[in-house]
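Letters go in sequence order (proteins before strands), and every chain restarts at 1.
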There are 2 protein chains.
Amino acid sequence: MTQTIPELALAPAAQDLLFREARTANTFSDEPVTPDEIRAVYDLVKYGPTAMNSQPLRITLVSSDEARSRLLPLMAEGNRAKTASAPLVAILSSDSDFHEHFPTTFPHKPDAREMFAGMGEARAPMAELNTGLQIGYFIVGVRAAGLYAGPMTGFDAAGVDAEFLAGTSQRSRVIVNIGHPGADAYLDRLPRLEAEHVITVL
Amino acid sequence: MTQTIPELALAPAAQDLLFREARTANTFSDEPVTPDEIRAVYDLVKYGPTAMNSQPLRITLVSSDEARSRLLPLMAEGNRAKTASAPLVAILSSDSDFHEHFPTTFPHKPDAREMFAGMGEARAPMAELNTGLQIGYFIVGVRAAGLYAGPMTGFDAAGVDAEFLAGTSQRSRVIVNIGHPGADAYLDRLPRLEAEHVITVL
(Lines give C-alpha, C1' and ligand atoms only; values in the text may rest on other atoms or scores of the structure.)
Protein backbone atom coordinates (compact mmCIF):
# COMPACT_ATOMS: atom_id res chain seq x y z
CA MET A 1 0.00 0.00 0.00
CA THR A 2 1.39 3.37 -0.95
CA GLN A 3 0.97 5.98 1.71
CA THR A 4 0.83 9.61 0.70
CA ILE A 5 2.18 11.83 3.44
CA PRO A 6 0.57 15.28 3.42
CA GLU A 7 2.96 18.14 2.69
CA LEU A 8 3.81 20.52 5.49
CA ALA A 9 3.43 24.29 5.27
CA LEU A 10 7.01 24.77 6.50
CA ALA A 11 9.48 25.07 3.62
CA PRO A 12 11.55 21.89 3.06
CA ALA A 13 14.83 23.75 3.69
CA ALA A 14 13.54 24.82 7.09
CA GLN A 15 12.40 21.26 7.84
CA ASP A 16 15.91 20.08 7.04
CA LEU A 17 17.57 22.80 9.13
CA LEU A 18 15.46 22.13 12.21
CA PHE A 19 14.82 18.39 12.06
CA ARG A 20 15.72 16.27 9.06
CA GLU A 21 19.37 17.21 8.61
CA ALA A 22 19.94 18.62 12.08
CA ARG A 23 22.21 16.40 14.10
CA THR A 24 23.61 16.24 17.58
CA ALA A 25 27.22 17.43 17.34
CA ASN A 26 29.81 15.57 19.37
CA THR A 27 32.82 17.64 18.36
CA PHE A 28 33.06 21.36 17.68
CA SER A 29 35.17 23.71 15.56
CA ASP A 30 36.97 26.71 17.09
CA GLU A 31 34.36 29.16 15.82
CA PRO A 32 33.02 30.97 18.89
CA VAL A 33 29.39 31.34 19.94
CA THR A 34 28.47 34.52 21.78
CA PRO A 35 25.84 35.02 24.48
CA ASP A 36 24.13 37.45 22.07
CA GLU A 37 23.56 34.59 19.65
CA ILE A 38 21.75 32.73 22.42
CA ARG A 39 19.78 35.86 23.31
CA ALA A 40 18.60 35.87 19.68
CA VAL A 41 17.57 32.22 20.03
CA TYR A 42 15.66 33.07 23.20
CA ASP A 43 14.05 36.05 21.50
CA LEU A 44 12.49 33.58 19.04
CA VAL A 45 11.64 30.59 21.21
CA LYS A 46 10.21 32.61 24.09
CA TYR A 47 6.98 32.64 22.07
CA GLY A 48 6.50 28.89 22.45
CA PRO A 49 3.45 28.21 24.64
CA THR A 50 3.57 27.17 28.31
CA ALA A 51 0.77 26.46 30.78
CA MET A 52 -0.52 29.73 32.24
CA ASN A 53 2.32 31.42 30.34
CA SER A 54 4.51 30.22 33.21
CA GLN A 55 7.82 30.21 31.25
CA PRO A 56 9.81 28.35 33.92
CA LEU A 57 12.93 27.78 31.76
CA ARG A 58 16.12 29.47 32.92
CA ILE A 59 19.38 29.47 30.98
CA THR A 60 22.83 29.69 32.54
CA LEU A 61 25.51 30.21 29.90
CA VAL A 62 28.86 28.79 30.88
CA SER A 63 31.17 31.07 28.94
CA SER A 64 34.26 31.80 31.03
CA ASP A 65 37.09 29.35 31.57
CA GLU A 66 36.55 29.68 35.31
CA ALA A 67 32.89 28.62 35.12
CA ARG A 68 33.70 25.79 32.75
CA SER A 69 36.37 24.45 35.09
CA ARG A 70 33.69 24.16 37.78
CA LEU A 71 31.28 22.39 35.42
CA LEU A 72 33.55 19.78 33.86
CA PRO A 73 34.05 17.58 36.95
CA LEU A 74 30.25 17.39 37.29
CA MET A 75 29.73 16.01 33.78
CA ALA A 76 29.50 12.26 33.22
CA GLU A 77 32.89 11.01 32.11
CA GLY A 78 31.64 10.28 28.60
CA ASN A 79 30.43 13.85 28.19
CA ARG A 80 33.44 15.66 29.66
CA ALA A 81 35.56 16.03 26.52
CA LYS A 82 32.61 17.27 24.48
CA THR A 83 31.69 19.87 27.08
CA ALA A 84 35.35 20.91 27.38
CA SER A 85 35.54 21.59 23.64
CA ALA A 86 32.15 23.25 23.04
CA PRO A 87 32.41 27.00 22.37
CA LEU A 88 29.49 27.66 24.70
CA VAL A 89 27.59 25.50 27.19
CA ALA A 90 24.06 26.16 28.45
CA ILE A 91 22.70 24.80 31.72
CA LEU A 92 18.93 24.63 31.23
CA SER A 93 17.00 24.67 34.48
CA SER A 94 13.42 24.86 35.73
CA ASP A 95 12.41 27.62 38.13
CA SER A 96 9.66 26.47 40.50
CA ASP A 97 9.18 30.10 41.57
CA PHE A 98 7.82 30.95 38.12
CA HIS A 99 4.73 32.37 39.86
CA GLU A 100 6.74 35.35 41.08
CA HIS A 101 6.51 36.65 37.51
CA PHE A 102 2.72 36.21 37.22
CA PRO A 103 1.99 39.93 37.74
CA THR A 104 3.90 40.42 34.45
CA THR A 105 3.17 37.15 32.65
CA PHE A 106 -0.43 36.48 33.70
CA PRO A 107 -1.70 39.99 34.47
CA HIS A 108 -5.40 39.33 33.87
CA LYS A 109 -5.54 37.11 36.97
CA PRO A 110 -4.19 39.32 39.77
CA ASP A 111 -4.48 36.65 42.47
CA ALA A 112 -2.48 34.04 40.54
CA ARG A 113 0.82 34.77 42.26
CA GLU A 114 -0.63 34.43 45.73
CA MET A 115 -2.60 31.32 44.80
CA PHE A 116 0.52 29.59 43.48
CA ALA A 117 2.66 30.81 46.38
CA GLY A 118 0.43 28.71 48.62
CA MET A 119 1.00 25.58 46.54
CA GLY A 120 4.60 25.14 47.66
CA GLU A 121 6.21 21.96 46.35
CA ALA A 122 3.23 21.27 44.07
CA ARG A 123 4.63 23.89 41.68
CA ALA A 124 7.67 21.74 40.90
CA PRO A 125 5.94 19.22 38.55
CA MET A 126 4.37 22.08 36.60
CA ALA A 127 7.77 23.75 36.34
CA GLU A 128 9.37 20.51 35.18
CA LEU A 129 6.81 19.73 32.49
CA ASN A 130 6.77 23.21 31.03
CA THR A 131 10.54 23.51 31.21
CA GLY A 132 10.65 20.29 29.19
CA LEU A 133 8.53 21.91 26.46
CA GLN A 134 10.74 25.00 26.53
CA ILE A 135 13.91 22.89 26.27
CA GLY A 136 12.36 21.38 23.13
CA TYR A 137 11.72 24.87 21.75
CA PHE A 138 15.25 25.93 22.73
CA ILE A 139 16.91 23.05 20.89
CA VAL A 140 14.84 23.90 17.80
CA GLY A 141 15.88 27.53 18.25
CA VAL A 142 19.59 26.72 18.46
CA ARG A 143 19.20 24.97 15.13
CA ALA A 144 17.22 27.91 13.77
CA ALA A 145 20.30 30.01 14.50
CA GLY A 146 22.40 27.68 12.34
CA LEU A 147 24.14 26.33 15.43
CA TYR A 148 24.52 22.74 16.52
CA ALA A 149 23.29 21.52 19.87
CA GLY A 150 24.51 18.58 21.91
CA PRO A 151 21.91 18.10 24.66
CA MET A 152 22.92 15.90 27.59
CA THR A 153 21.36 14.54 30.76
CA GLY A 154 24.52 12.71 31.80
CA PHE A 155 25.75 14.95 34.62
CA ASP A 156 25.60 15.19 38.42
CA ALA A 157 22.40 17.24 38.67
CA ALA A 158 22.59 17.73 42.44
CA GLY A 159 26.21 18.81 42.05
CA VAL A 160 25.37 21.27 39.27
CA ASP A 161 22.51 22.68 41.35
CA ALA A 162 24.83 23.17 44.33
CA GLU A 163 27.67 24.66 42.29
CA PHE A 164 25.70 26.92 39.93
CA LEU A 165 22.14 27.32 41.22
CA ALA A 166 22.58 27.53 45.00
CA GLY A 167 20.25 30.05 46.59
CA THR A 168 17.82 29.92 43.68
CA SER A 169 14.58 27.98 43.13
CA GLN A 170 16.09 26.44 39.99
CA ARG A 171 16.89 22.79 39.27
CA SER A 172 19.11 21.77 36.37
CA ARG A 173 17.45 19.55 33.77
CA VAL A 174 19.53 19.40 30.59
CA ILE A 175 22.98 20.75 29.66
CA VAL A 176 23.52 21.67 26.02
CA ASN A 177 26.84 22.02 24.23
CA ILE A 178 26.50 24.65 21.50
CA GLY A 179 28.76 25.35 18.56
CA HIS A 180 29.64 24.60 14.98
CA PRO A 181 30.55 21.00 14.12
CA GLY A 182 34.17 19.90 14.15
CA ALA A 183 35.85 16.85 12.63
CA ASP A 184 33.87 13.61 12.85
CA ALA A 185 31.09 15.45 14.67
CA TYR A 186 28.35 12.93 14.09
CA LEU A 187 27.58 9.40 15.09
CA ASP A 188 25.30 7.40 12.81
CA ARG A 189 21.76 8.61 13.28
CA LEU A 190 19.89 6.22 15.51
CA PRO A 191 16.56 4.78 14.30
CA ARG A 192 13.35 6.58 15.13
CA LEU A 193 10.20 4.76 16.12
CA GLU A 194 7.70 4.11 13.34
CA ALA A 195 4.44 6.03 13.65
CA GLU A 196 2.54 2.80 14.28
CA HIS A 197 4.44 2.37 17.57
CA VAL A 198 3.73 5.92 18.68
CA ILE A 199 0.32 6.99 17.33
CA THR A 200 -3.00 5.41 18.29
CA VAL A 201 -6.21 6.61 16.62
CA LEU A 202 -9.45 6.30 18.59
CA MET B 1 22.15 51.47 24.28
CA THR B 2 21.24 49.93 20.96
CA GLN B 3 21.40 46.18 20.95
CA THR B 4 21.96 44.40 17.68
CA ILE B 5 20.33 41.00 17.69
CA PRO B 6 22.18 38.53 15.45
CA GLU B 7 20.14 37.23 12.53
CA LEU B 8 19.02 33.63 12.56
CA ALA B 9 19.69 31.15 9.78
CA LEU B 10 16.01 30.17 9.68
CA ALA B 11 14.04 32.21 7.13
CA PRO B 12 11.88 34.94 8.70
CA ALA B 13 8.69 33.44 7.25
CA ALA B 14 9.48 30.15 9.00
CA GLN B 15 10.24 32.00 12.25
CA ASP B 16 6.83 33.64 11.99
CA LEU B 17 5.05 30.37 11.18
CA LEU B 18 6.58 28.47 14.08
CA PHE B 19 6.99 31.11 16.78
CA ARG B 20 6.43 34.80 16.13
CA GLU B 21 2.97 34.72 14.56
CA ALA B 22 1.96 31.28 15.79
CA ARG B 23 -0.75 31.53 18.41
CA THR B 24 -2.69 29.22 20.65
CA ALA B 25 -6.15 28.85 19.04
CA ASN B 26 -9.14 28.82 21.35
CA THR B 27 -11.82 28.34 18.69
CA PHE B 28 -11.67 26.27 15.51
CA SER B 29 -13.24 26.31 12.06
CA ASP B 30 -15.06 23.27 10.64
CA GLU B 31 -12.11 22.34 8.43
CA PRO B 32 -11.17 18.77 9.43
CA VAL B 33 -7.73 17.51 10.45
CA THR B 34 -6.90 13.93 9.56
CA PRO B 35 -4.72 11.45 11.44
CA ASP B 36 -2.49 11.40 8.33
CA GLU B 37 -1.73 15.07 8.84
CA ILE B 38 -0.52 14.24 12.34
CA ARG B 39 1.49 11.30 11.00
CA ALA B 40 3.23 13.84 8.74
CA VAL B 41 3.94 16.02 11.77
CA TYR B 42 5.37 13.03 13.60
CA ASP B 43 7.44 12.08 10.57
CA LEU B 44 9.21 15.44 10.93
CA VAL B 45 9.49 15.89 14.68
CA LYS B 46 10.57 12.32 15.41
CA TYR B 47 14.08 13.53 14.55
CA GLY B 48 14.24 15.81 17.57
CA PRO B 49 16.85 14.49 20.01
CA THR B 50 16.06 12.57 23.22
CA ALA B 51 18.37 11.09 25.87
CA MET B 52 19.62 7.69 24.72
CA ASN B 53 17.24 8.09 21.75
CA SER B 54 14.57 7.00 24.20
CA GLN B 55 11.62 8.64 22.37
CA PRO B 56 9.09 8.15 25.18
CA LEU B 57 6.33 10.32 23.62
CA ARG B 58 3.12 8.52 22.69
CA ILE B 59 0.22 10.15 20.85
CA THR B 60 -3.42 9.11 21.19
CA LEU B 61 -5.59 10.85 18.61
CA VAL B 62 -9.15 11.35 19.75
CA SER B 63 -10.95 11.33 16.43
CA SER B 64 -14.28 9.52 16.82
CA ASP B 65 -17.33 11.03 18.51
CA GLU B 66 -17.37 8.09 20.86
CA ALA B 67 -13.81 8.68 22.10
CA ARG B 68 -14.42 12.41 22.41
CA SER B 69 -17.51 11.84 24.53
CA ARG B 70 -15.32 9.92 26.97
CA LEU B 71 -12.71 12.67 27.04
CA LEU B 72 -14.87 15.77 27.51
CA PRO B 73 -15.99 15.10 31.10
CA LEU B 74 -12.32 14.71 32.07
CA MET B 75 -11.33 18.14 30.78
CA ALA B 76 -11.28 21.12 33.13
CA GLU B 77 -14.52 23.03 32.74
CA GLY B 78 -12.79 25.98 31.11
CA ASN B 79 -11.28 23.71 28.44
CA ARG B 80 -14.37 21.62 27.65
CA ALA B 81 -15.93 23.76 24.92
CA LYS B 82 -12.58 24.16 23.13
CA THR B 83 -11.93 20.44 23.17
CA ALA B 84 -15.51 19.76 22.03
CA SER B 85 -15.06 22.00 18.99
CA ALA B 86 -11.50 21.06 17.94
CA PRO B 87 -11.39 18.96 14.74
CA LEU B 88 -8.84 16.63 16.30
CA VAL B 89 -7.53 16.20 19.83
CA ALA B 90 -4.21 14.59 20.78
CA ILE B 91 -3.49 13.08 24.18
CA LEU B 92 0.29 13.29 24.58
CA SER B 93 1.67 10.79 27.05
CA SER B 94 5.00 9.50 28.33
CA ASP B 95 5.81 5.80 28.13
CA SER B 96 8.05 4.71 31.01
CA ASP B 97 8.61 1.40 29.19
CA PHE B 98 10.57 3.18 26.46
CA HIS B 99 13.42 0.75 27.11
CA GLU B 100 11.45 -2.05 25.45
CA HIS B 101 12.35 -0.39 22.14
CA PHE B 102 16.10 -0.15 22.88
CA PRO B 103 16.98 -3.14 20.67
CA THR B 104 15.66 -0.96 17.80
CA THR B 105 16.44 2.54 19.05
CA PHE B 106 19.77 1.98 20.82
CA PRO B 107 21.12 -1.08 19.01
CA HIS B 108 24.83 -0.45 19.68
CA LYS B 109 24.32 -1.18 23.41
CA PRO B 110 22.70 -4.62 23.48
CA ASP B 111 22.37 -4.75 27.27
CA ALA B 112 20.52 -1.40 27.52
CA ARG B 113 17.06 -2.92 27.63
CA GLU B 114 17.92 -5.28 30.45
CA MET B 115 19.77 -2.59 32.37
CA PHE B 116 16.79 -0.24 32.23
CA ALA B 117 14.31 -3.02 32.97
CA GLY B 118 16.00 -3.34 36.36
CA MET B 119 15.56 0.36 37.11
CA GLY B 120 11.80 0.12 37.60
CA GLU B 121 10.21 3.38 38.75
CA ALA B 122 13.46 5.26 38.19
CA ARG B 123 12.65 5.28 34.47
CA ALA B 124 9.64 7.54 35.00
CA PRO B 125 11.53 10.84 35.50
CA MET B 126 13.60 10.16 32.37
CA ALA B 127 10.39 9.44 30.46
CA GLU B 128 8.79 12.64 31.75
CA LEU B 129 11.69 14.92 30.90
CA ASN B 130 12.21 13.56 27.42
CA THR B 131 8.47 13.50 26.71
CA GLY B 132 8.47 17.18 27.64
CA LEU B 133 11.11 17.87 25.00
CA GLN B 134 9.13 15.86 22.45
CA ILE B 135 5.91 17.72 23.28
CA GLY B 136 7.82 20.91 22.50
CA TYR B 137 8.93 19.45 19.16
CA PHE B 138 5.37 18.25 18.48
CA ILE B 139 3.83 21.69 19.04
CA VAL B 140 6.42 23.18 16.69
CA GLY B 141 5.56 20.41 14.20
CA VAL B 142 1.82 21.08 14.33
CA ARG B 143 2.62 24.66 13.40
CA ALA B 144 5.00 23.48 10.70
CA ALA B 145 1.98 21.72 9.18
CA GLY B 146 0.11 25.02 9.06
CA LEU B 147 -2.18 23.85 11.85
CA TYR B 148 -2.97 25.56 15.10
CA ALA B 149 -2.39 23.91 18.46
CA GLY B 150 -4.13 24.55 21.74
CA PRO B 151 -2.03 22.72 24.36
CA MET B 152 -3.66 22.21 27.77
CA THR B 153 -2.70 20.76 31.13
CA GLY B 154 -6.11 21.48 32.66
CA PHE B 155 -7.63 18.00 32.77
CA ASP B 156 -8.07 15.09 35.16
CA ALA B 157 -4.84 13.28 34.36
CA ALA B 158 -5.59 10.23 36.52
CA GLY B 159 -9.02 10.00 34.90
CA VAL B 160 -7.57 10.25 31.39
CA ASP B 161 -5.00 7.59 32.24
CA ALA B 162 -7.73 5.27 33.53
CA GLU B 163 -10.08 5.92 30.62
CA PHE B 164 -7.61 5.91 27.72
CA LEU B 165 -4.28 4.46 28.87
CA ALA B 166 -5.31 1.62 31.21
CA GLY B 167 -3.10 -1.42 30.84
CA THR B 168 -0.25 0.60 29.35
CA SER B 169 2.89 2.10 30.89
CA GLN B 170 1.81 5.53 29.65
CA ARG B 171 0.89 8.62 31.66
CA SER B 172 -0.92 11.58 30.07
CA ARG B 173 1.00 14.87 30.19
CA VAL B 174 -0.57 17.40 27.81
CA ILE B 175 -3.71 17.38 25.66
CA VAL B 176 -3.60 19.40 22.46
CA ASN B 177 -6.56 20.68 20.46
CA ILE B 178 -5.60 20.80 16.79
CA GLY B 179 -7.31 22.58 13.91
CA HIS B 180 -7.66 25.75 11.91
CA PRO B 181 -8.65 28.92 13.77
CA GLY B 182 -12.31 29.90 14.00
CA ALA B 183 -13.91 33.22 14.91
CA ASP B 184 -12.22 35.16 17.70
CA ALA B 185 -9.66 32.39 18.03
CA TYR B 186 -7.03 34.36 19.89
CA LEU B 187 -6.69 36.02 23.23
CA ASP B 188 -4.23 38.89 23.48
CA ARG B 189 -0.73 37.48 23.54
CA LEU B 190 0.60 37.39 27.06
CA PRO B 191 3.96 39.03 27.81
CA ARG B 192 7.11 36.98 27.57
CA LEU B 193 9.94 37.31 30.06
CA GLU B 194 12.80 39.56 29.04
CA ALA B 195 16.10 37.81 28.39
CA GLU B 196 17.65 39.47 31.45
CA HIS B 197 15.22 37.51 33.68
CA VAL B 198 15.98 34.21 32.00
CA ILE B 199 19.61 34.21 30.87
CA THR B 200 22.63 34.38 33.19
CA VAL B 201 26.13 34.53 31.70
CA LEU B 202 28.98 33.11 33.77
Side-chain angles (χ1 to χ4, degrees), chain A residues 5-6 8-11 14-15 17 19-20 22 24 35-40 42-49 51 53 55 57-64 67 101 104-106 128-129 131-137 139-140 144-146 151 153 173 190-193 195 198-202, chain B residues 5-6 8-11 14-15 17 19-20 22 24 35-40 42-49 51 53 55 57-64 67 101 104-106 128-129 131-137 139-140 144-146 151 153 173 190-193 195 198-202:
Chain A
I5 295 181
L8 301 179
L10 186 69
Q15 294 180 37
L17 178 70
F19 289 104
R20 289 194 201 281
T24 291
D36 272 350
E37 288 179 82
I38 304 307
R39 289 191 186 98
Y42 175 72
D43 197 51
L44 179 68
V45 302
K46 69 183 180 187
Y47 292 113
N53 198 34
Q55 306 174 65
L57 173 69
R58 302 292 176 266
I59 301 167
T60 302
L61 296 177
V62 177
S63 177
S64 68
H101 291 285
T104 303
T105 56
F106 213 63
E128 284 176 45
L129 175 62
T131 297
L133 273 60
Q134 289 191 288
I135 293 172
Y137 306 144
I139 291 170
V140 171
T153 53
R173 300 292 168 195
L190 291 168
R192 296 310 196 258
L193 294 173
V198 173
I199 300 177
T200 304
V201 182
L202 299 181
Chain B
I5 295 180
L8 301 178
L10 185 68
Q15 296 180 35
L17 179 70
F19 289 105
R20 290 193 201 281
T24 290
D36 272 351
E37 287 179 84
I38 304 307
R39 288 190 186 98
Y42 175 71
D43 197 51
L44 179 68
V45 301
K46 69 183 180 186
Y47 293 112
N53 198 33
Q55 306 174 65
L57 173 69
R58 302 293 176 263
I59 301 168
T60 302
L61 295 178
V62 177
S63 176
S64 68
H101 292 284
T104 304
T105 56
F106 213 64
E128 283 175 46
L129 176 62
T131 297
L133 273 61
Q134 288 191 287
I135 294 173
Y137 306 145
I139 291 170
V140 171
T153 52
R173 299 293 169 196
L190 291 167
R192 297 310 197 257
L193 293 173
V198 173
I199 300 177
T200 304
V201 183
L202 297 180

Discussion item. Shorter than 4.5 Å, heavy atoms on both sides: which option in B/Ala14, B/Pro151, B/Gly146, B/Ala40 has the most such pairs with chain A?
Written reply: B/Ala40
Response to the item:
Whatever's closer than 4.5 Å to a heavy atom in chain A on B/Ala9 counts as both
Discussion item. Please classify the contact between B/Val62 and chain A as side chain, backbone, both or neither, with a heavy-atom cut-off of under 4.5 Å.
Written reply: backbone
Item to complete: Could you check A/Gln15 against B/Val45 for side-chain contact (heavy atoms from CB on, under 4.5 Å), going step by step and ending with a plain yes or no?
Response: CA-CA 9 Å; A/Gln15 294 180 37; B/Val45 301; over 6 Å; no
Discussion item. Could you check whether any side-chain N or O of A/Glu128 sits under 3.5 Å from a backbone N or O of B/Gly132, counting only pairs where one atom can act as donor and the other as acceptor?
Written reply: no
Item to complete: Run the numbers on B/Thr200 and A/Arg58 for side-chain contact (heavy atoms from CB on, under 4.5 Å), then give the verdict.
Response: CA-CA 8 Å; B/Thr200 304; A/Arg58 302 292 176 266; over 6 Å; no
Worksheet entry | Heavy-atom contact with chain A under 4.5 Å, split by part of B/Phe19 | both
Worksheet entry | Which atoms of B/Thr105 approach chain A - backbone, side chain, both or neither, heavy atom under 4.5 Å | both
Practice prompt. Check whether any side-chain heavy atom of B/Arg192 sits under 4.5 Å from a side-chain heavy atom of A/Asn53, and report yes or no.
Written response: yes
Discussion item. I'd like to know which of A/Leu129, A/Leu17, A/Leu190 tops the heavy-atom pair count under 4.5 Å against chain B.
Written reply: A/Leu190
Practice prompt. List the steps and the verdict of side-chain contact (heavy atoms from CB on, under 4.5 Å) for A/Tyr42 and B/Leu193.
Written response: CA-CA 10 Å; A/Tyr42 175 72; B/Leu193 293 173; 3.6 Å; yes
Worksheet, complete the sentence: So, the part of B/Ala22 with a heavy atom under 4.5 Å from chain A: the answer is neither
Response to the item:
Most heavy-atom pairs under 4.5 Å with chain A, out of B/Thr60, B/Ile38, B/Thr131, belong to B/Thr60
Response to the item:
Whatever's closer than 4.5 Å to a heavy atom in chain A on B/Leu57 counts as backbone
Discussion item. As an exercise, state the distance from CD1 of A/Ile199 to CD1 of B/Ile59, rounded to the nearest 0.5 Å.
Written reply: 4.5 Å
Practice prompt. Using a cut-off of under 4.5 Å on heavy-atom pairs, state which of A/Gln134, A/Gln55, A/His101, A/Lys46 scores highest against chain B.
Written response: A/Gln55
Practice prompt. Compare all side-chain heavy atoms of B/Arg20 with those of A/Leu44 and state whether any distance is below 4.5 angstrom.
Written response: yes
Item to complete: Tell me, for B/Thr24 versus chain A, whether the close heavy atoms (under 4.5 Å) come from the side chain, the backbone, both or neither.
Response: side chain
Practice prompt. With the side chain counted from C-beta on, respond yes when B/Leu61 and A/Leu202 share a heavy-atom pair under 4.5 Å apart, and no when they do not.
Written response: no
Item to complete: Go through the atoms of A/Thr153 and report whether side chain, backbone, both or neither lie under 4.5 Å from a heavy atom of chain B.
Response: side chain
Worksheet item: Checking heavy atoms, do the side chain of A/Ala11, its backbone, both or neither come under 4.5 Å from chain B?
Response: neither
Worksheet item: Between B/Pro49 and A/Ile139, is any pair of side-chain heavy atoms under 4.5 Å apart?
Response: yes
